[in-house]
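Predicted, not measured: the structure shown is a model, and the values here were computed from it.
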Amino acid sequence: MCFCGSLCKLMKSRVLGDDFGMRFFMCENYEYDPPNHYGKDRAKWLDTEQSQQDKDHVERQAKWAAQRRQRMLHEEQMDEKRKKDQEEIQKRIAEVECQKAEERETDRERKLERARRAKEAGPEAIRKGKYPRCTQ
């Protein structure tokens, strides 16, 4: 019988740890929270020791959890590395585009300067073949 007076049922612990797989009695009235008694009135385990199969299961679950955690950490590191690499690639692309823009600007300035000099030289310079026809 339970502290509340109802009939208890036999349950099996599913919490991973030292108690996994061990049997105990539990009240069917889940709303009732029994008082914390110490000594002979507290709830007792029906099994005194954990079976080897249950111990192996707990160890296997702990090993799998550790492996999952390692995989997650590795994936986070790989994501950070990918992000860093993408940022570096974007910086390189921006530098190359900036360099090409500067080259276009200097080439344009050079061509404009050449055209100005050709206009200043006048028609005599064109006849003499001093400047090519594309700058006229």
Side-chain angles (χ1 to χ4, degrees):
M1 295 296 285
C2 179
F3 297 112
C4 66
S6 63
L7 190 62
C8 293
K9 64 180 185 178
L10 187 63
M11 301 288 291
K12 195 173 192 181
S13 175
R14 294 290 168 207
V15 178
L16 290 177
D18 294 337
D19 304 341
F20 181 80
M22 293 175 63
R23 296 176 300 166
F24 62 97
F25 288 106
M26 181 176 207
C27 180
E28 289 183 355
N29 184 8
Y30 294 113
E31 296 174 353
Y32 178 72
D33 191 17
N36 292 331
H37 290 290
Y38 297 102
K40 61 180 181 178
D41 289 341
R42 67 180 176 173
K44 295 180 182 176
W45 293 98
L46 185 64
D47 296 330
T48 56
E49 290 184 13
Q50 194 176 25
S51 69
Q52 187 60 39
Q53 182 181 3
D54 292 334
K55 287 179 184 177
D56 293 341
H57 178 74
V58 170
E59 289 175 11
R60 192 170 42 250
Q61 291 293 328
K63 186 174 79 173
W64 288 346
Q67 289 173 350
R68 278 193 303 268
R69 187 172 191 289
Q70 288 296 324
R71 272 196 309 270
M72 286 175 46
L73 290 175
H74 180 66
E75 287 175 6
E76 287 176 4
Q77 290 172 352
M78 293 304 290
D79 285 343
E80 289 175 9
K81 184 180 177 187
R82 260 187 242 115
K83 286 178 184 179
K84 186 186 269 187
D85 290 345
Q86 287 294 333
E87 289 174 3
E88 194 172 310
I89 289 170
Q90 292 296 330
K91 285 180 184 178
R92 287 181 187 169
I93 290 172
E95 288 174 6
V96 168
E97 288 176 355
C98 183
Q99 186 179 10
K100 285 182 180 179
E102 288 176 5
E103 289 174 2
R104 281 193 305 268
E105 186 64 30
T106 56
D107 189 44
R108 184 172 180 263
E109 289 294 325
R110 185 181 54 83
K111 288 178 181 178
L112 287 174
E113 181 61 32
R114 189 170 182 188
R116 267 190 242 118
R117 282 188 286 154
K119 285 182 183 177
E120 288 175 3
E124 304 88 37
I126 294 172
R127 272 186 262 135
K128 293 179 185 177
K130 204 171 189 182
Y131 294 102
R133 292 182 183 233
C134 64
T135 58
Q136 297 177 6

S.K.: Out of curiosity, E88 CD to I93 CD1, how far, rounded to the nearest 0.5 Å?
M.R.: 11.5 Å

S.K.: Tell me whether R60 at atom CZ has more than 12 heavy atoms from other residues, nucleotides or ligands lying less than 6.0 Å away.
M.R.: yes

S.K.: Return yes when atom CD of Q67 has more than 12 non-hydrogen atoms of other residues, nucleotides or ligands closer than 6.0 Å, and no otherwise.
M.R.: yes

S.K.: Nearest 0.5 angstrom please: K55 NZ to E59 CD, how far?
M.R.: 8.5 Å

S.K.: Quick check for you: to the nearest 0.5 Å, what is the distance between R117 atom CZ and R114 atom CZ?
M.R.: 7.5 Å

S.K.: If you round to the nearest 0.5 Å, how far is OG of S51 from CZ of R23?
M.R.: 10.0 Å

S.K.: If I take atom CE from residue M72 and atom CD from residue Q70, how far apart are they, to the nearest 0.5 angstrom?
M.R.: 11.0 Å

S.K.: Going by an N to O cut-off under 4.0 Å, is there a salt bridge joining R110 and E113?
M.R.: no

S.K.: Give me the one residue out of R82, E76, E75, E80 that meets side-chain contact (heavy atoms from CB on, under 4.5 Å) with M78.
M.R.: R82

S.K.: Would you mind checking if D107 and K111 are paired as a salt bridge, meaning a charged N to carboxylate O distance below 4.0 Å?
M.R.: yes

S.K.: Mind checking the CG-CD spacing from D85 to E87? Nearest 0.5 Å is all I need.
M.R.: 9.5 Å

